[in-house]
Amino acid sequence: MRHLIDTTDISVEEVDRIISTALDIIADRKKYSEVCRGKKLATLFYEPSTRTRLSFTSAMMELGGSVLGFSDAASSSVSKGETVADTVRVIGCFADIIAMRHSKEGAPLVASQYSEVPIINAGDGSHAHPTQTLTDLLTIRREKGRLNNLTIGFCGDLKFGRTVHSLIKALSRYEGINVVLIAPEELRLPSYIRREVCDKNHVPTREVATMEEVMPELDILYMTRVQKERFLDEEEFERLKDSFILNPERLRNAKKDMIILHPLPRVNEITREVDNDPRAAYFRQVENGKFVRMALIYTLLEWAKERPTSQTPRIADDLVRGEMRCGNRQCISNCEDVDRLFRPTETGDYRCAYCESKVKQ
Ligand code: CP
């Protein structure tokens, strides 16, 4: 059974095929209007969402399928203590495919180990958001005409911003990508992504203190919200929340064909005046999210037909079991009884399979 838990669960060729399918859907919506007739998507959202949940819903409806699920875990048996593993076993009796958002990092991976239907990670804590990445890639492809030879500046909360983590992983598999990181010291990109993703794939990265100093070089400016809900210290959030604000003045030296992306929701990191700039692509990006999720649902259901299901939990080949404990309190492995799984790194360390935190041995 194929799932989408992390951006790299699908090859570059498969990503390109999903994007091509999305482009075909955009060109001929009618052709796809019945391809999921009789199929059901379950949306299990343990965390708030507007775009992701409703675009999944809209996507499945446009494919001719139907949707069930919850948007408030408190109204489900999760509030009685039901685990992720049991929940997906149950939902698999009612639905053909599941999209899950969870505040605990790695929860969708646990779901994939027990599910008899494809699981899509719709965002897990600060960790990953692969369907936002597909949205971003489709948007870049439509706006810039290519996914290679791009200089992209990521600005804002690069520590907790799961969309940034997933997009950097995805783009690092393409040629000629340059990454510029613009963040306060406290919200820098996790070092493992810089070392184990960018450096490993020979993607140059550079940290700068201001947007202005790199603006003329950028093909894409990817703005992000400071993620209030991830802060343990409210004072720290208040101190950092206005670190980077994009306004028309700061865009003065930007390329005429640069595009501004933002996964949304925005708070105040992009002023309203910027919305009128033709380079502001973030609302076009939202609509692309629906098309690419249509392509993804359709593709995963096609792949599911090709592969027989099995009752045994599925564990990726490159993971090992161990007695160590993950130190990340936001990791699902510290909240539910799950297999202790780790991924060995090239330097002889281990990373938690669920949240990718380094683990002390
Ligand atoms: N971009 C995104 O994930 O938005 P929502 O939180 O509204 O789903």
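Nothing fancy with the numbering, it's 1 onward along the sequence. Order of appearance sets the numbers: ligands from 1, and atoms from 1 within every ligand.
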Seminar exercise, completed: All heavy atoms of Gly153 vs all of Leu218, minimum pair found to be N-CD2, 3.6 Å
Exercise. Residues in side-chain hydrogen bond (donor to acceptor under 3.5 Å, both in side chains) with Glu186, at least two apart?
Worked result: Arg239
For this session: Could you name each residue pair satisfying ring pair (Phe, Tyr, Trp, His ring centres under 6.0 Å) that touches residues 29-87, not counting sequence neighbours?
Result: Tyr32-Tyr298, Tyr46-Phe70, Tyr46-His102
Exercise. Between Arg225 and Pro265, which heavy-atom pair has the shortest distance, and what is it?
Worked result: CD-O, 3.3 Å
Exercise. Can you list the residues that meet the salt bridge (charged side-chain N to carboxylate O under 4.0 Å, His left out) rule with Asp277, with sequence neighbours excluded?
Worked result: Arg279
Run through all N or O atoms in ligand 1 and write down each protein N or O closer than 3.5 Å, as a pair with its distance.
unit_1: ligand 1; atom_1: 1 (N); unit_2: Gln132; atom_2: OE1; d: 3.0
unit_1: ligand 1; atom_1: 1 (N); unit_2: Pro263; atom_2: O; d: 2.8
unit_1: ligand 1; atom_1: 1 (N); unit_2: Leu264; atom_2: O; d: 3.0
unit_1: ligand 1; atom_1: 3 (O); unit_2: Thr52; atom_2: OG1; d: 2.9
unit_1: ligand 1; atom_1: 3 (O); unit_2: Arg101; atom_2: NH2; d: 3.0
unit_1: ligand 1; atom_1: 3 (O); unit_2: His129; atom_2: NE2; d: 2.9
unit_1: ligand 1; atom_1: 4 (O); unit_2: Arg51; atom_2: NE; d: 3.0
unit_1: ligand 1; atom_1: 4 (O); unit_2: Leu264; atom_2: O; d: 3.4
unit_1: ligand 1; atom_1: 6 (O); unit_2: Arg101; atom_2: NH1; d: 2.9
unit_1: ligand 1; atom_1: 7 (O); unit_2: Thr50; atom_2: N; d: 2.8
unit_1: ligand 1; atom_1: 7 (O); unit_2: Arg51; atom_2: N; d: 3.0
unit_1: ligand 1; atom_1: 7 (O); unit_2: Arg51; atom_2: NE; d: 3.3
unit_1: ligand 1; atom_1: 7 (O); unit_2: Arg51; atom_2: NH2; d: 2.9
unit_1: ligand 1; atom_1: 8 (O); unit_2: Ser49; atom_2: OG; d: 2.6
unit_1: ligand 1; atom_1: 8 (O); unit_2: Thr52; atom_2: N; d: 2.9
unit_1: ligand 1; atom_1: 8 (O); unit_2: Thr52; atom_2: OG1; d: 2.6
unit_1: ligand 1; atom_1: 8 (O); unit_2: Arg101; atom_2: NH1; d: 3.4
unit_1: ligand 1; atom_1: 8 (O); unit_2: Arg101; atom_2: NH2; d: 3.3

Problem set entry | Within 6.0 Å of CD in Glu229, more than 12 heavy atoms from elsewhere | yes
